[in-house]
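Comments concern the structure below.
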Number of protein chains: 2
Amino acid sequence: MGTTQLASVPEPKYQHLKTVIGEALDSDFAVGEILPNERELAARFGVARATLRQALEQLELEGRLQRRRGVGTTVAPPRVGVDVSTGRHAWPGVADEAWQPQGSAADAAPAAVARVLEIGTDEQVHVVRRLRISQGQPVAAELLYVPAGSVPGLSAIDAPAGPARARAVLRELQHLALDGQDRSVELGSARAEDAKELDRLPGAPVLVVTTRYLSAGRPAAVSVATYRADTCRLTFGDSVDLVMAS
Amino acid sequence: MGTTQLASVPEPKYQHLKTVIGEALDSDFAVGEILPNERELAARFGVARATLRQALEQLELEGRLQRRRGVGTTVAPPRVGVDVSTGRHAWPGVADEAWQPQGSAADAAPAAVARVLEIGTDEQVHVVRRLRISQGQPVAAELLYVPAGSVPGLSAIDAPAGPARARAVLRELQHLALDGQDRSVELGSARAEDAKELDRLPGAPVLVVTTRYLSAGRPAAVSVATYRADTCRLTFGDSVDLVMAS
DNA sequence: TAGTGGTCTAGACCACCGG
DNA sequence: CGGTGGTCTAGACCACTAC
């Protein structure tokens, strides 16, 4: 039969779709514009909706699309550059316009946190919850863990578990000398609680920034900040205007 | 009718699965151990394979699982801490044990790169390709773009487009004074070319680290490094042993 | 060749948003 | 309420790996 092999390496359909749609986004659509719905698009490309969705998922992962249930799929604006360089964080500030204290409570340290803080799992930690707002949109949810033993003044705090209490804990932190800090970034998926505040579905991809604050040679606090991976670009230098298409 | 609302917020099945399997990984499996295959697992949990896969996908995204076609699904080791702090990078080194030069070629600058380098789209750039190895595994693929105008000596390089040429370009770079650099991290998906070198499928999630090197107040080079998001944790401090379960 | 994960289909129903 | 994206099913076939 001698069938000539036309496509020697048949690229998956969803990957080809991704390329085609991606190019269409560049040329035929404006930021914020609504795409045809998924059933319509799938029919137009002659594929099943699941296949079409696989392509859209990746484009959303890359920050090129934004999908909202009950609304539709829109063309996403370029990712927001969010400064996470040290110095700005220094100590977590009390009066930081970008970070909005949500509340605080005392609890036993989760195992993973206890390990990083080099304390026992049963030791008490103050947990401060903050939300980072950038350009009117929530971009990150943070949990700051401060061991009760880190700062003496902490035990005297008696504000109810709200923003006021959170601010009080942050204020106490300033009394400590900050030797240094180290930081790591990794990919994660949003816990239900964080997803809600970030206006995403649970499991949405997030960049987890873990910062350990050192005082007197020992970890004095740990911050776990989860940034929306779809809309954020973490920047570490002085140029927030650095833009790259992935 | 007064129907009592039993499950007010019915959690999606795949999310519950993820929790159940995740807990099983902690208690019943050792690192490297092979899980039952997907059809078996789906049957065991009484769900369709697609649903089971949705749970496995997220666990893989979080670095808890590793799936390889034709082989199976294994329990992943904790993520590797990869140091990307400034200073170690300084200039991209010629003799850096972690970074392995692959090759180099001259070409017109891609649009996105030209924008960051503040040059014209038609200007020539030297593209150096490197691979970062950590603990025997490739963890990152890098493209380093150096405008032909940045370093005079570049035009004299006549080595064939291989590792030797790459080293020559890197060597020339050392002649420039390095004023500073800025960096950003964002989520992306692996291009086919990078995926191959990272031993992943195209579209796999990666952390894209873009570094701009400044010399004489102008961008002298740009590096775009794509790190495997499933196996890597990018670290910026001096403590590589910082481990957090997401 | 047997068994694995990867892709794809053609449906169905659900949760959510807006008018 | 109608329309959107999100979840789920029960299949099928393909690409790859290891034996």
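Basis for what follows: all heavy atoms, side chains included, without hydrogens, waters or symmetry-related copies. Within every chain, numbering begins at 1; the chains are lettered A, B, ... in the order of the sequence lines, protein sequences first and strands thereafter. The shown structure was predicted, so the numbers you read here are calculated from the model rather than taken from an experiment.
Ring orientation note: the planes of Phe236(B) and Phe236(A) are close to parallel, at an angle under 30° on the 30°/60° scale.
Side-chain contact annotation: Tyr14(B) with Arg53(B), donor-acceptor N/O pair under 3.5 Å absent. Thr231(B) and Arg79(B) share no side-chain donor-acceptor pair at under 3.5 Å.
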Per-pair distances, 0.1 Å, donor-acceptor, side chain in residues 24-36 of chain A, under 3.5 Å, sequence neighbours excluded:
{"unit_1": "Asp26(A)", "atom_1": "OD1", "unit_2": "Arg64(A)", "atom_2": "NH1", "d": "3.3"}
{"unit_1": "Ser27(A)", "atom_1": "OG", "unit_2": "Glu23(A)", "atom_2": "O", "d": "3.1"}
{"unit_1": "Glu33(A)", "atom_1": "OE1", "unit_2": "Ala30(A)", "atom_2": "N", "d": "2.8"}

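For the salt bridge (Lys or Arg N to Asp or Glu O under 4.0 Å) test, no residue two or more places apart in sequence or in another chain qualifies with Lys13(A).
Protein atom CG of Leu65(B) is 16 Å distant from nucleotide atom P of dT4(C), rounded to whole Å. Atoms CG (Leu41(B)) and P (dG3(C)) sit 17 Å apart, rounded to a whole Å.
Considering only side-chain N and O atoms, Thr73(A) lies under 4.0 angstrom from the phosphate OP1 or OP2 of dG5(D). Phosphate proximity of dT4(D) to Asn37(A): present, with a side-chain N or O under 4.0 Å from OP1 or OP2.
Residues Leu65(A) and Thr74(A) form no side-chain contact, since every pair of their non-hydrogen atoms from C-beta on lies 4.5 Å or further apart.
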Nucleotide by nucleotide, 5' to 3', does protein get under 4.0 Å of the base (B), only the sugar-phosphate (S), or neither (-) in nucleotides 6-13 of chain C, counting heavy atoms?
BBSB--BB
